[in-house]
Amino acid sequence: MSVRNDELAALFEEFANLLEAQDVEYKPRAYRQAAENIRAYPESVADLARRGGTDAVMGVNRVGDAIASKVVEYVETGEIEELEELRAALPVDMAALTSVEGVGPKTVGTLYDELGVRTLDDLETAARAGEISEVRGFGEKTEENILANLDFARRSHERKLLGQARPLADDIQRHFAGVAAVERSSVAGSLRRWKPTIGDVDLLVASDEPEAVVDAFTDWEDADSVIEAGPIKASVRSKGIRVDLRVVAPEEYGAALQHFTGSRDHNITVRDRAIERGLKVNEYGVFDVSDVDDPDSGQRVGERLACETEADVYAALDLPLIPPEMREDRGEVEAAAEGRLPDLIEEGDVRGELHLHTTWSDGRYSVREMVEAAAERGYDYVNVSDHATGPGMVGGVGLSDDELEEQLAEVREVGDDADIEVFAGVEANVGEDGSVSVGDDLLAELDCVIASPHSALDGDGTDRLIRAAEHPEVNVIGHPTGRMLNQRSGLDLDVPRLAAAAAEANTALEINSSPNRLDLSGGAVKLAVERGATVVVNTDAHSPSNYDLVRYGVHTARRGWAAADDVLNTWETDDVRAFLGR
DNA sequence: GCCGTTTTCGGCCCGACTGTTTTCAGTCG
């Protein structure tokens with residue numbers, strides 16, 4: 001049985017909520033943290049369980065022997081006995097009910113005990129009948145809010161894609177640019193760390209007039225409804241996404257930005273380092289509490305060190321500024337302390353696009369239009385890589401070998417006219433056995449061959465992709481797992497093993513920048529780069545405007561600690577040609 | 001339940017906001 005990480009994570013989140021409904025202390029937090037780390041783990045945790053048992057699963061941060069053995073139990077039997085007992089004691093659809101804004105585990109427990117509410121439908125029926133406002137501790141306002149939030153909970157139980165949330169954040173940043181009370185503003189939270197999926201949009205503003213900022217925020221034309229609004233913070237819903245605003249004093253902006261960017265685990269490690277130095281870090285600043293009797297006696301206890309900028313905050317802890325994309329508690333604080341932070345790739349380092357489609361397959365623009373658009377962007381080279389026919393290609397999208405020969409002539413012709421280097425390539429399909437769906441003679445004529453899995457996208461794909469990577473004519477493995485965010489998890493990969501083989505074979509691993517994919521993930525990129533593999537940031541463009549998606553790939557590379565040198569398409573044309581063996 | 005150059009036992013982040021309450025519980029981030 002193949003079990004996805006997010007499926008495991010959901011189980012332990014349910015575990016946490018059921019325990020919390022019973023007033024159990026501390027355990028819920030432990031289960032939630034374990035769930036979060038399982039969800040974010042770059043490889044299949046179920047695979048870990050199968051290969052190495054509880055010991056291997058305990059390698060996941062904040063997973064100890066108790067939770068690890070529950071993972072093993074679930075992978076082996078499809079059930080966790082303790083969870084079944086908890087469910088029997090509180091037989092409710094916990095995930096659905098707690099997805100209603102303002103309804104948490106305690107509320108679920110109370111409404112089950114008092115009214116027998118088990119599902120969203122039960123909740124709606126009880127609210128419409130006015131029963132909820134009769135329960136002690138509840139009132140009419142709570143009942144109204146539940147009704148108001150129910151539809152939203154029914155419609156959107158998924159995290160939003162980075163590619164949806166980023167443009168929204170850009171919009172509101174433009175709105176704030178016209179508000180006089182806003183001194184500085186930034187996105188924070190997981191969006192600033194460029195996580196592939198986002199729970200909500202976090203915004204931070206520096207201002208001496210917080211209430212004016214909150215007013216401007218709730219008046220924003222794209223704010224569809226106001227969830228809450230106080231003197232220094234507010235939340236609205238916009239286009240189905242929750243947007244949280246926090247306003248802070250300008251002199252505390254750096255500390256607040258550091259605090260609200262997270263991740264929580266990164267901040268815990270940072271705080272630990274502060275404690276070692278007699279310092280205290282919170283959202284208001286870094287404080288020297290070495291001469292203070294009770295450092296917990298207030299928010300701003302002790303002497304405040306500089307914290308107008310994030311760099312000040314890290315400097316106070318003898319650390320260089322750690323880029324937001326790295327703040328996932330994957331060893332970055334230790335690396336920073338030892339001066340080992342990589343010089344991360346930046347958007348401006350990208351010199352070319354090595355994966356694009358034209359009207360020959362499923363693109364919407366001609367070879368010439370795609371090449372000219374790349375030249376206009378200032379790129380030095382592109383690789384025309386239309387789909388080949390083969391496993392996973394439906395509706396006649398992919399090209400036969402004869403058609404590819406025909407296209408090759410056109411690509412050469414466009415290349416002769418172009419100011420930039422035009423590589424002739426293909427996106428071939430990797431069969432279930434690792435074979436490549438284009439004839440070897442034709443592959444040898446091409447400059448840059450991408451091999452991508454498009455079919456049989458479940459189970460372990462490591463051996464299959466290694467075989468493709470070792471094919472002498474293959475230069476890039478495209479979207480290696482084949483995952484589609486919120487839809488399918490794709491292949492399980494032993495990334496270190498694949499990366500070592502790819503490095504040996506001089507084959508690059510793709511970071512596909514499409515917001516639906518972001519494949520490889522940042523965590524996988526880190527493992528790949530550590531094994532010496534070269535990665536390539538491609539947009540898989542089907543139109544010129546798709547070239548803009550490159551930022552998502554670059555920031556994913558940064559989440560994987562990649563420097564420009566690790567990324568093939570930051571190299572100069574001659575070096576890329578040498579890598580391709582042309 | 002997890003975790004440890006202060007601990008293998010005894011801690012666990014904490015502040016803002018809301019709605020329900022007369023001083024607080026629940027939710028959220």
Side-chain angles (χ1 to χ4, degrees), chain A residues 12 15-17 19-21 23-38 54 57-58 60-71 82 97-111 132-146 148-149 188-192 198-204 210 214 226-235 242-248 252 255-256 259-278 280-284 295-301 329 334 337:
Chain A
F12 291 114
F15 221 117
N17 285 336
L19 291 170
E20 187 157 359
D23 281 327
V24 177
E25 283 192 296
Y26 304 116
K27 287 189 190 186
R29 233 183 65 127
Y31 276 98
R32 271 190 203 107
Q33 288 183 330
E36 201 170 303
N37 289 318
I38 287 170
T54 53
V57 179
M58 283 171 70
V60 180
N61 204 10
R62 306 228 161 225
V63 173
D65 52 2
I67 291 180
S69 57
K70 290 184 174 72
V71 171
E82 254 187 82
L97 291 168
T98 53
S99 72
V100 178
E101 185 78 44
V103 176
K106 298 276 177 72
T107 301
V108 171
T110 306
L111 292 182
I132 290 177
S133 55
E134 301 298 314
V135 178
R136 183 174 166 75
F138 293 72
E140 285 183 13
K141 191 76 201 184
T142 302
E143 196 166 76
E144 279 172 32
N145 286 341
I146 285 173
N149 292 326
S190 52
L191 191 50
R192 185 160 179 251
I198 301 295
D200 52 36
V201 172
D202 292 306
L203 294 166
L204 187 70
V214 168
V226 177
I227 299 168
E228 62 183 26
I232 63 169
K233 61 180 273 194
S235 301
R242 181 187 167 115
V243 185
D244 293 334
L245 167 75
R246 176 65 180 261
V247 190
V248 301
E252 295 178 340
H259 178 84
F260 289 111
T261 296
S263 69
R264 190 185 49 211
D265 284 346
H266 170 83
N267 284 352
I268 288 171
T269 302
V270 167
R271 265 199 303 274
D272 286 348
R273 185 176 172 88
I275 292 167
E276 286 169 23
R277 285 169 165 64
K280 172 184 158 116
V281 178
N282 61 22
E283 63 198 88
Y284 302 103
D296 298 325
S297 57
Q299 295 163 2
R300 299 176 178 83
V301 175
D329 199 30
E334 193 185 355

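Quick note on labels: first sequence line is chain A, next is B, and so on, each numbered from 1. Nothing here was measured: the structure is a model prediction, and the numbers come from that model. Only heavy atoms go into these numbers, but all of them, side chains included; no hydrogens, no water, no symmetry mates.
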Answer yes or no: is there a donor N or O on one side and an acceptor on the other, between the side chain of A/Glu283 and the main chain of A/His259, under 3.5 Å?
no

Spacing of the P atoms in B/dG1 and B/dT6 (rounded, Å)
27 Å

Find the distance A/Arg62:CZ to B/dC13:C1' and express it as a whole number of Å.
12 Å

Distance check needed: B/dC28 P versus A/Arg32 CZ, whole Å only.
10 Å

Which is true for A/Lys27 with a 4.0 Å heavy-atom rule: it touches a base, it touches only sugar-phosphate, or it touches nothing?
base

What's A/Ala229 touching, base or sugar-phosphate or nothing? Going by heavy atoms closer than 4.0 Å.
sugar-phosphate

Test side chain to side chain contact (heavy atoms under 4.5 Å, CB included) on A/Ile268 and A/Gln33 and set out the steps.
CA-CA 12 Å; A/Ile268 288 171; A/Gln33 288 183 330; 4.2 Å; yes

Test log, rule side chain to side chain contact (heavy atoms under 4.5 Å, CB included), inputs A/Ile67 and A/Phe15:
CA-CA 11 Å; A/Ile67 291 180; A/Phe15 221 117; over 6 Å; no

Is there a donor-acceptor contact under 3.5 Å linking the side chains of A/Arg32 and A/Asn17?
yes

Expressed in angstrom and rounded to an integer, what is the separation of A/Asn17 atom CG from B/dG26 atom P?
14 Å

Tell me the interatomic distance from A/Asn149, atom CG, to B/dC28, atom P, rounded to whole angstroms.
10 Å

Which is true for A/Arg271 with a 4.0 Å heavy-atom rule: it touches a base, it touches only sugar-phosphate, or it touches nothing?
sugar-phosphate

With the threshold set at 4.0 Å, does a side-chain nitrogen-carboxylate oxygen contact exist between A/Arg246 and A/Asp244?
no

If the P atom of B/dG11 is compared with that of B/dT18, how far apart are they to the nearest Å?
35 Å

Step-by-step side chain to side chain contact (heavy atoms under 4.5 Å, CB included) determination, A/Arg62 to A/Glu36
CA-CA 9 Å; A/Arg62 306 228 161 225; A/Glu36 201 170 303; over 6 Å; no

Contact under 4.0 Å: A/Lys106 side-chain N or O vs B/dG26 OP1/OP2:
yes

How is A/Val60 classified with respect to the nucleic acid when contacts are heavy atoms under 4.0 Å: base, sugar-phosphate, or nothing?
nothing

Name the nucleic acid region contacted by A/Glu140, choosing base, sugar-phosphate or nothing; use a 4.0 angstrom heavy-atom cut-off, strictly under.
sugar-phosphate

Quick one: which of B/dG29, B/dC2, B/dG1 gets closest to the side chain of A/Lys70?
B/dG1

If you measure from the P atom in B/dG15 to the same atom in B/dT22, how many Å do you get, rounded?
24 Å

In whole Å, what separates the C1' atom of B/dC2 from that of B/dT7?
13 Å

By nearest heavy atom, map A/Asp244 and A/Ala30 onto DNA chain B; which one lands nearer the 5' end?
A/Ala30

Roughly how many Å apart are B/dG26 and B/dT21, using the C1' atom of each and rounding to a whole number?
13 Å

Should A/Thr142 be listed as having a side-chain N or O under 4.0 Å from OP1 or OP2 of B/dT18?
no

How far, in whole Å, is B/dG10 from B/dA16 if one measures between their C1' atoms?
29 Å

Determine: side-chain N/O of A/Asn145 to OP1/OP2 of B/dT18, distance under 4.0 Å, yes or no.
no

To the nearest Å, give me how far apart CG (A/Asp65) and P (B/dC3) are.
9 Å

Any-strand Watson-Crick or G-U partner of B/dT8, both distances under 3.5 Å
none

Side chain of A/Ile67: nearest nucleotide among B/dC17, B/dT20, B/dG1?
B/dG1

Using a heavy-atom cut-off of 4.0 Å across all strands, would you classify A/Tyr26 as base, sugar-phosphate, or nothing?
base

Any idea which of B/dT20, B/dG1, B/dT27 is nearest the A/Tyr31 side chain?
B/dG1

Sugar-phosphate, base or nothing in reach of A/Pro105, heavy atoms under 4.0 Å:
sugar-phosphate

Tell me which nucleotide among B/dG29, B/dG15, B/dC17 gets nearest to the side chain of A/Tyr284.
B/dG15

Using modelled atom types and a 3.5 Å cut-off, is there a donor and acceptor pairing between side-chain atoms of A/Asn149 and backbone atoms of A/Val100?
no

In Å and rounded to the nearest 0.5 Å, what is the CG to CG distance from A/Asp329 to A/Asn61?
5.5 Å

What nucleic acid atoms does A/Arg242 come within less than 4.0 Å of, heavy atoms only: base, sugar-phosphate, or nothing?
sugar-phosphate

Spacing between A/Arg246 atom CZ and B/dG29 atom P, to the nearest angstrom:
14 Å

Rounded to whole angstrom units, what separation is found between the CG atom of A/Leu97 and the C1' atom of B/dC28?
17 Å

Whole-angstrom distance between B/dT8 and B/dC3, as gauged at atom C1'
9 Å

Specify the separation, in whole Å, of atom CD1 of A/Ile146 and atom C1' of B/dT27.
12 Å

Select base, sugar-phosphate, or nothing to describe what A/Ile232 touches, counting heavy atoms under 4.0 Å on all strands.
sugar-phosphate

Scan A/Phe138 against the nucleic acid and name what it touches under 4.0 Å (heavy atoms): base, sugar-phosphate only, or nothing.
sugar-phosphate

Over all strands shown, is A/Asn267 touching base, sugar-phosphate only, or nothing at heavy-atom distances under 4.0 angstrom?
nothing

Which sits closer to the 5' end of DNA chain B, A/Gly139 or A/Gln33, going by the nucleotide each is nearest to?
A/Gln33

Can you identify which nucleotide, out of B/dG15, B/dC12, B/dG1, has its nearest atom closest to the A/Arg29 side chain?
B/dC12

